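Below: the structure, in structure tokens.
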Amino acid sequence: MRIVIKIGTSTLAHPTGHLNIRRVEELTKVICDIINAGNQIIMVSSGAIGMGVGKLGLPTRPTDIPTKQAAAAVGQCELMYTYDKLFLQYHHTVAQLLITADDVRDPVRHDNFRNTIYRLLELGALPIINENDTVATDELGIGDNDTLAAMVAQSVQADKLVLLSDIDGLYTADPHEDPDARLLPVVNRVDDALLSLAGGSSTAQGTGGMVTKLRAAKICLSCGCDMIITNGNDPMVLYRIVDGEQVGTTFTENAYV
Ligand code: GLU
């Protein structure tokens, strides 16, 4: 199975901006084991800006573009250094791919990007992708890693895209505010009624929220890739997803039993 796993900042870092060491160590171990079992994994990892904020000692996540880009430049090094060290413990080699909207939209660049991923997989390396935040501004960039991950899943014809987030899935209402909110286990269509359920960003650390996740689901549904939104607080959930169990919210063309 070929699976794209998107890891949100809230899964990787504590609210302080510093690395959630236990979480990332568990995640690394589970991903290595899933690869060892014969699956192909491509990671899309956020956290560059969040970790840059922690490393530079900034009081909060910046809102202006130059400081965001500076934080991303610092944090991306920290992020890859951490992944490199942790994955190496299980003898896996990581590869960094920083892309922009043009790399997906321009057919030649898109081909190059995709061929690099395929070659890395053949060579047994683990591609870890992020948006190239230092050159992608809000106006020109893809803007969020949920959409980026869906574009990657579409490009490489992934079987599944897993969005690891700080929320269990898509609810009928905001579960932080409405005690009657119900988790939707399976969604077959992203329409206006569903989009109206999506609030803004659920975290002060990351960029995405339900809106970007539903945009990603639309891309996945259009190309026959199942997309799962689930809570990243327990990395063991990835085993259940590989085994075909239904967790969180699954967006699929198929009826799930
Ligand atoms: N590229 C951003 C980062 O690494 C994250 C974007 C997102 O969270 O969607 O910090």
Side-chain angles (χ1 to χ4, degrees), residues 4-20 23-24 27 42-84 94-104 113 127-154 161-167 198-220 227-233:
V4 177
I5 301 174
K6 183 257 171 174
I7 301 164
T9 305
S10 57
T11 299
L12 284 176
H14 290 289
T16 54
H18 292 290
L19 190 71
N20 185 330
R23 177 85 50 75
V24 178
L27 204 57
I42 295 150
M43 279 169 59
V44 172
S45 180
S46 300
I49 298 174
M51 292 191 59
V53 168
K55 200 152 187 209
L56 290 168
L58 303 177
T60 51
R61 188 179 168 94
T63 46
D64 66 295
I65 290 177
T67 317
K68 269 192 194 174
Q69 291 177 320
V74 171
Q76 183 65 29
C77 292
E78 182 77 351
L79 195 60
M80 288 311 295
Y81 170 72
T82 306
Y83 282 135
D84 191 30
V94 298
Q96 169 184 267
L97 290 92
L98 297 178
I99 63 165
T100 61
D102 285 344
D103 300 319
V104 187
F113 159 67
I128 303 183
I129 305 169
N130 196 358
E131 186 157 9
N132 192 351
D133 292 316
T134 55
V135 293
T137 61
D138 283 354
E139 296 76 40
L140 299 175
I142 297 165
D144 70 90
N145 275 358
D146 296 325
T147 310
L148 173 67
M151 289 172 162
V152 170
Q154 184 176 39
L161 165 62
V162 181
L163 301 181
L164 292 179
S165 177
D166 59 350
I167 189 149
S201 177
S202 56
T203 146
Q205 292 168 278
T207 303
M210 250 333 139
V211 175
T212 58
K213 290 180 178 49
L214 292 183
R215 198 190 300 154
K218 258 189 156 171
I219 297 172
C220 287
M227 187 187 103
I228 295 123
I229 302 175
T230 191
N231 205 314
N233 61 11

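Note that this is a predicted model, so its numbers are computed, not measured. Note that ligands are numbered from 1 as they come in the structure, with each ligand's atoms numbered from 1 the same way.
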| message | Could you check whether Gln76 and Asn130, counting side-chain N and O atoms only, form a donor-acceptor pair closer than 3.5 Å? | response | yes

| Polar proximity ligand 1 side, Arg61 side, N/O cut 3.5 Å exclusive | no

| field | Gly50 N/O under 3.5 Å from ligand 1 N/O | value | no

| query | Does ligand 1 have an atom under 4.0 Å from some heavy atom of Gly47? | reply | yes

| query | Knowing that exactly one of Thr147, Asn145, Asp146 qualifies, which makes a side chain to side chain donor-acceptor pair (under 3.5 Å) with Lys6? | reply | Asp146

| Does a side-chain heavy-atom distance below 4.5 Å link Leu27 with Leu164? | yes

| field | Close N or O approach (Asn130, ligand 1; < 3.5 Å) | value | yes

| request: Please tell me if the side chains of Arg23 and Leu12 come closer than 4.5 Å, counting only heavy atoms from C-beta onward. | output: no

| said: As an exercise, identify every atom of ligand 1 less than 4.0 angstrom from a heavy atom of Ala48. | reply: 3 (C), 4 (O), 10 (O)

| request: Just let me know how Asp144 lines up against ligand 1, side chain, backbone, both or neither, with a heavy-atom cut-off below 4.0 Å. | output: both

| task | For residues Asp133 and Ala48, report the shortest heavy-atom separation together with the two atoms involved. | result | OD2-CB, 4.3 Å

| Side chain, backbone, both or neither: which part of Asn145 has a heavy atom under 4.0 Å from ligand 1? | both

| query | Mind checking whether Gly143 has an N or O less than 3.5 Å away from an N or O of ligand 1? | reply | no

| Criterion side chain to side chain contact (heavy atoms under 4.5 Å, CB included) on Leu163 and Thr230, from CA distance to verdict | CA-CA 6 Å; Leu163 301 181; Thr230 191; over 6 Å; no

